[in-house]
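Below is one structure, written out as C-alpha cells; comments come after it.
Worth knowing before you read on, the calculation uses all heavy atoms, side chains too, and leaves out hydrogens, waters and symmetry mates.
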Amino acid sequence: MSHDPIADTRTKLDELEQRVHAAKSSLGTRGELDAEAHKEWKAMVDKHADIRRKLDAHPAHPAGVAEGLRFDVDILRGSLETWVAKVESNFDK
C-alpha cells in the first residue's frame with residue numbers, strides 16, 4: 001500500500017469492481033438470478049459508482065472523508081460477500 005489513502009481506496013474499489021462483475025458472471029452460469037438477487041446486484045453496482053464519483057470529485061479529500069470512503073468500500077465488500085453466499089445458497093436448493 002502507498003502512503004496515499006485516496007489512491008489505496010481507488011485500488012481497493014477497482015479490485016472490488018472486478019469481484020462484483022465476476023461474481024455475477026460466475027453465478028449466472030449456474031442458473032438464472034431471481035429478481036431480488038438481480039436488484040441487490042444492481043444496488044451494489046450503483047453503490048460502487050457512487051463511491052467512485054465521490055473519489056473522483058476532488059483530487060484530495062480531508063482525512064475524515066477519505067476514511068469514510070474506505071469504510072464505504074469495506075461495507076460494499078461485505079455486501080458482496082453476503083450476496084454471493086445468499087445466491088449460492090439459493091442455487092444449491
For residues W83 and A37, report the shortest heavy-atom separation together with the two atoms involved.
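Result for this residue pair: NE1-O, 3.0 Å.
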Salt-bridge present (D8, K12; N to O < 4.0 Å)
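So D8 does not pair with K12 through a salt bridge.
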Salt bridge (charged side-chain N to carboxylate O under 4.0 Å, His left out) between D50 and K54: does it pass, once the steps are laid out?
CA-CA 6 Å; D50 182 52; K54 289 175 183 175; 3.2 Å; yes
Only counting residues at least two apart or in another chain, list the ones meeting side chain to side chain donor-acceptor pair (under 3.5 Å) with E17.
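Per chain and number, E17 pairs via side chain to side chain donor-acceptor pair (under 3.5 Å) with no residue.
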With rounding to the nearest 0.5 Å, note down the distance linking [atom1] in [X] to [atom2] in [Y].
X: R52; Y: L16; atom1: CZ; atom2: CG; answer: 10.5 Å
X: I51; Y: T9; atom1: CD1; atom2: OG1; answer: 9.5 Å
X: W41; Y: D46; atom1: CH2; atom2: CG; answer: 9.0 Å

Out of the candidates L80, L13, V73, D72, only one should pair with H48 under the side-chain contact (heavy atoms from CB on, under 4.5 Å) rule; please name it.
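Only one of L80, L13, V73, D72 forms a side-chain contact (heavy atoms from CB on, under 4.5 Å) with H48, namely L13.
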Please list, chain by chain and in numerical order, all residues satisfying side-chain contact (heavy atoms from CB on, under 4.5 Å) with [X], sequence neighbours excluded.
X: T11; result: E15
X: D74; result: R77
X: E67; result: R70

Same cluster or not: are L76 and V45 linked, directly or through other Ile, Leu, Val, Met, Phe, Trp or Tyr residues, by side-chain heavy atoms under 4.5 angstrom apart?
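Both belong to a single hydrophobic cluster.
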